[in-house]
Amino acid sequence: MQIVRERENLVYENQYVAVYDDDVAFPSGKKGAYFRTQWKAPYGVAIVPVIDDEVVLIRSYRYTEGAIVTEIPQGFGTERSSPEADAARELSEETGLRSEELTLLAVFGKAFQTYVYICCISREQKPTMHSQENTESILDFCSLPLSGISFEQLAEAGVVDPLTVSSVLMARDRAQSFPSQSD
């Protein structure tokens, strides 16, 4: 039993997204419409950067939220690249941080996949906005202890993005498998 698209109706498109208001038939036989968006990028990437057991988060103005939010670095993948290379690029562009190794933490989504990585950053590095693209609205950075972090602590820090919440909590659970930076 599935919803069948009878006609695809493109209502808006730009370089990032296509928006549709499709004519559909529901499993009951009833006709209707279904609104959907389709990203133009091949995939998304997100990174949980960790410095000395603290996750580095970005505070930025998100137009779609109409507010300042706190989240992990994230962005779109590009053609002729790889999710890992695009994650490293996004990490550098949004935080100025560089990691020698990214470890795949999870892949979310089916029609549009987002690859989530975790990485340990050397304690000599500090986040900076010097690499920020001119389309970013990053205000500053904050960090939270990864060990023992809770959903409530993320909410108190202004994290509203489900991708950030789930990724940080997964990273917390996997953090014990990473080598200590003091070794």
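What you see below is based on every heavy atom in this structure, not just the backbone, and it leaves out hydrogens, waters and symmetry mates. From a predicted model like this one, the values you see are computed outputs, not experimental measurements.
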*Please confirm whether the backbone N or O of Ser82 pairs with a side-chain atom of Glu84, one donor and one acceptor, at under 3.5 Å?*
no

*Leu146 CG to Asp53 CG distance, which is reported to the nearest 0.5 Å*: 5.5 Å

_Within-4.5 Å side-chain heavy-atom neighbours: Ile149 and Leu154_ = yes

*Any side-chain heavy atom of Val56 sitting closer than 4.5 Å to one from Ile51?*
yes

*So which residues get pulled into Val24's cluster when ILVMFWY side chains under 4.5 Å apart are joined, directly or through others?*
Ile3, Phe26, Tyr34

_I want to check something: taking the side chain as every heavy atom from C-beta on, are Pro49 and Leu91 in contact at a cut-off of under 4.5 Å?_
yes

*Working to the nearest 0.5 Å, report the span between CG of Asp21 and CG of Asn9.*
6.5 Å

*asked:* Once ring pair (Phe, Tyr, Trp, His ring centres under 6.0 Å) is applied, what residue pairs with a partner in residues 62-98 remain, sequence neighbours excluded?
replied: Trp39-Phe76

*Nearest heavy-atom neighbours spanning Ile118 and Ala171*: CD1-CB, 3.5 Å

_For the student: nearest non-hydrogen atoms of Thr95 and Pro73, plus distance_ = CG2-CG, 3.8 Å

*Has the side chain of Ser166 got a donor or acceptor atom that lies under 3.5 Å from a matching backbone atom of Leu163?*
yes

*Val55 with Leu169, same ILVMFWY side-chain cluster at under 4.5 Å*: yes

*Give the minimum heavy-atom separation between Met1 and Pro27, together with the two atoms involved.*
CE-CB, 3.2 Å

*Before giving the answer on side chain to side chain contact (heavy atoms under 4.5 Å, CB included), spell out for Val19 and Phe35 the whole-Å C-alpha distance, their side-chain angles and the decisive distance to 0.1 Å.*
CA-CA 8 Å; Val19 179; Phe35 182 83; 3.3 Å; yes

*Check Val48 against Leu105 and note the closest heavy-atom contact, atom names and distance.*
CG2-CD2, 4.4 Å

*Start with the C-alpha distance between Arg172 and Ser147, add both sets of side-chain angles, then the distance that settles side chain to side chain contact (heavy atoms under 4.5 Å, CB included), and finish with yes or no.*
CA-CA 6 Å; Arg172 172 202 65 195; Ser147 297; over 6 Å; no

*With sequence neighbours excluded, tell me which residues meet side chain to side chain donor-acceptor pair (under 3.5 Å) with Ser143.*
Glu54

*Where is the tightest heavy-atom contact between Glu8 and Arg5, given as atom of each residue plus distance?*
OE2-NH1, 3.6 Å

*Does the gap between the ring centers of Tyr115 and Tyr43 come in under 6.0 Å?*
yes

*Which heavy-atom pair separates Leu144 from Ala157 by the least distance, and what is that distance?*
CD1-CB, 3.7 Å

*To the nearest 0.5 angstrom, please state how far the CG atom of Asp161 sits from the CZ atom of Arg62.*
7.5 Å

*Among Ile, Leu, Val, Met, Phe, Trp and Tyr joined by side-chain contacts under 4.5 Å, find the other residues sharing a cluster with Tyr20 and list them by chain and number.*
Leu10

*Out of curiosity, Arg89 CZ to Glu94 CD, how far, rounded to the nearest 0.5 Å?*
9.0 Å

_Separation of Cys119 SG from Leu102 CG (nearest 0.5 Å)_ = 5.0 Å

*Less than 4.5 Å apart, any side-chain heavy atom of Ile68 and any of Leu139?*
yes

*Sequence neighbours excluded, which residues qualify as ring pair (Phe, Tyr, Trp, His ring centres under 6.0 Å) partners of Phe141?*
none

*Within-4.5 Å side-chain heavy-atom neighbours: Lys40 and Gln15*: no

*Supply the atom-to-atom distance Tyr117 OH to Ile47 CD1, rounded to the nearest 0.5 angstrom.*
9.5 Å

_Membership question, hydrophobic clusters at under 4.5 Å side-chain separation (ILVMFWY): are Val159 and Phe151 in the same one?_
yes

*Partners meeting salt bridge (Lys or Arg N to Asp or Glu O under 4.0 Å) with Arg59 (sequence neighbours left out)*: Asp140

_Note, Phe108 side chain near Ser167 side chain (heavy atom, < 4.5 Å)_ = yes

*Should Leu104 and Ile121 be regarded as members of a common hydrophobic cluster, given that ILVMFWY residues are connected when their side-chain heavy atoms come within less than 4.5 Å of each other, either directly or indirectly?*
yes

*Inspect the contact between Arg36 and Asp22 and indicate whether a charged nitrogen and a carboxylate oxygen are less than 4.0 angstrom apart.*
yes

*Given the rule in the side chain to side chain contact (heavy atoms under 4.5 Å, CB included) test, do Val107 and Thr114 qualify, once you have shown the distances and angles that lead to the verdict?*
CA-CA 6 Å; Val107 180; Thr114 298; over 6 Å; no

*Could you give me the CA-CA distance, side-chain angles and deciding distance for Thr164 and Leu57, then say whether side chain to side chain contact (heavy atoms under 4.5 Å, CB included) is met?*
CA-CA 9 Å; Thr164 295; Leu57 299 168; 4.3 Å; yes

